[in-house]
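One structure below.
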Amino acid sequence: MALYSEKVMDHFTNPRNVGKLDDADGIGEVGNAKCGDIMKIYIKVKDGIITDVKFNTFGCGSAIASSSMATEMIKGKPLSQALELTNKAVAEALDGLPAHKLHCSVLAEEAIRAAIKNYYDRNGIEYDHSQFPDASEEEEHAAEEQD
Ligand code: FES
């Protein structure tokens, strides 16, 4: 059996929504400390709907395929729905990823959440902080390090 599904290969060789939005309403950037890969997601939001999304991923093929698929899955969707997107759903939509590559799809989930949080923060929109556990933990760690 091939290591990667046809969908993974398709989204890796022909990624959708690659690029940058100069007038983005929210930007999320996350990285994986172990492999050093970085993913950046830009969203455009109107009336609570993600009207456009682009990504830049400096990473492995699985991370590129995951970003491509994840952006397709949230385009045109309400923010609330995009926040519910899990890395598992992204991996499933790609017809699976090898076990040692599942962490690559986690970057997509985290980058989308970070972009939405950035949109909320920029616009002074109240949100449930428990929806962004990773980000708040990172902020806490950053604060601890500065002490
Ligand atoms: Fe780093 Fe895939 S190996 S995100």
Side-chain angles (χ1 to χ4, degrees), residues 1-45 49-122 125 127-146:
M1 202 186 88
L3 188 57
Y4 294 106
S5 72
E6 277 179 28
K7 275 199 191 158
V8 172
M9 292 312 292
D10 175 33
H11 280 265
F12 168 57
T13 51
N14 179 29
R16 282 60 147 186
N17 309 310
V18 175
K20 174 179 181 197
L21 291 173
D22 287 327
D23 56 348
D25 296 314
I27 301 174
E29 182 173 334
V30 294
N32 180 303
K34 272 195 190 150
C35 63
D37 292 347
I38 294 170
M39 190 181 292
K40 202 163 179 177
I41 297 232
Y42 303 81
I43 55 170
K44 196 84 196 124
V45 181
I49 306 283
I50 298 177
T51 54
D52 203 4
V53 51
K54 292 260 189 261
F55 80 88
N56 262 321
T57 292
F58 303 95
C60 73
S62 298
I64 290 169
S66 295
S67 340
S68 170
M69 179 56 89
T71 52
E72 284 287 271
M73 290 171 88
I74 63 164
K75 204 174 190 174
K77 298 278 164 35
L79 290 168
S80 55
Q81 209 171 315
L83 272 176
E84 283 169 10
L85 184 72
T86 61
N87 81 295
K88 196 164 169 268
V90 175
E92 272 168 16
L94 286 168
D95 289 339
L97 283 169
H100 69 286
K101 284 285 173 183
L102 273 176
H103 74 271
C104 315
S105 60
V106 173
L107 276 187
E109 178 189 324
E110 289 179 352
I112 288 170
R113 298 175 78 79
I116 294 173
K117 182 175 182 293
N118 179 244
Y119 165 74
Y120 286 156
D121 287 339
R122 282 188 195 196
I125 298 170
Y127 56 88
D128 177 359
H129 286 254
S130 67
Q131 280 185 304
F132 303 93
D134 297 334
S136 57
E137 262 175 40
E138 273 167 30
E139 278 162 21
E140 274 168 32
H141 287 314
E144 279 166 20
E145 278 163 23
Q146 278 167 11

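Fair warning: this is a prediction, and the values are worked out from it, not measured in the lab. Just so you know, ligand 1 is whichever comes first in the structure, and atom 1 is the first atom listed for that ligand.
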Backbone of S62 reached by a side-chain donor or acceptor of S66 within 3.5 Å
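Looks like yes, one N/O pair under 3.5 Å.
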Looking at S5 and L94, would you say the former's side chain and the latter's main chain have a donor-acceptor pair under 3.5 Å?
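Here the side-chain-to-backbone pair exists.
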For atom 4 (S) of ligand 1, what is the closest protein heavy atom, and at what distance to 0.1 Å?
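It is D37 OD2, 3.1 Å.
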Scan side-chain atoms only and decide if K20 and N56 contain a donor-acceptor pair under the 3.5 Å cut-off.
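On atom types as modelled, these side chains do not qualify, holding no pair under 3.5 Å.
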Heavy-atom pairs closer than 4.0 Å: do any link ligand 1 to the side chain of H103, the backbone, both, or neither?
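For H103, only side-chain atoms sit under 4.0 Å from ligand 1.
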Please could you name the atoms of ligand 1 that [X] approaches to less than 4.0 Å, counting only its heavy atoms?
| X | answer |
| --- | --- |
| C104 | 2 (Fe), 3 (S), 4 (S) |
| A63 | 4 (S) |
| C60 | 2 (Fe), 3 (S), 4 (S) |

Passing option when K44 is tested against T51, I49, I50 for side-chain contact (heavy atoms from CB on, under 4.5 Å)
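Among T51, I49, I50, the one meeting side-chain contact (heavy atoms from CB on, under 4.5 Å) with K44 is T51.
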Please find out if less than 6.0 Å separates the ring center of F132 from that of Y127.
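Between F132 and Y127, the centre distance is under 6.0 Å.
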Heavy atom of L107, distance to ligand 1 below 4.0 Å
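Flag set, L107 near ligand 1.
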Ligand 1 contacted by M39 (non-hydrogen, < 4.0 Å)
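M39 does not count as a contact of ligand 1 under the 4.0 Å cut-off.
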Side chains of D95 and V8, heavy atoms from C-beta outward: is any pair under 4.5 Å?
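Contact flag for D95/V8 side chains = no.
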Got a sec: is C35 within less than 2.8 Å of atom 1 (Fe) of ligand 1 via an N/O/S atom?
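Of the N, O and S atoms in C35, at least one lies under 2.8 Å from atom 1 (Fe) of ligand 1, which means yes.
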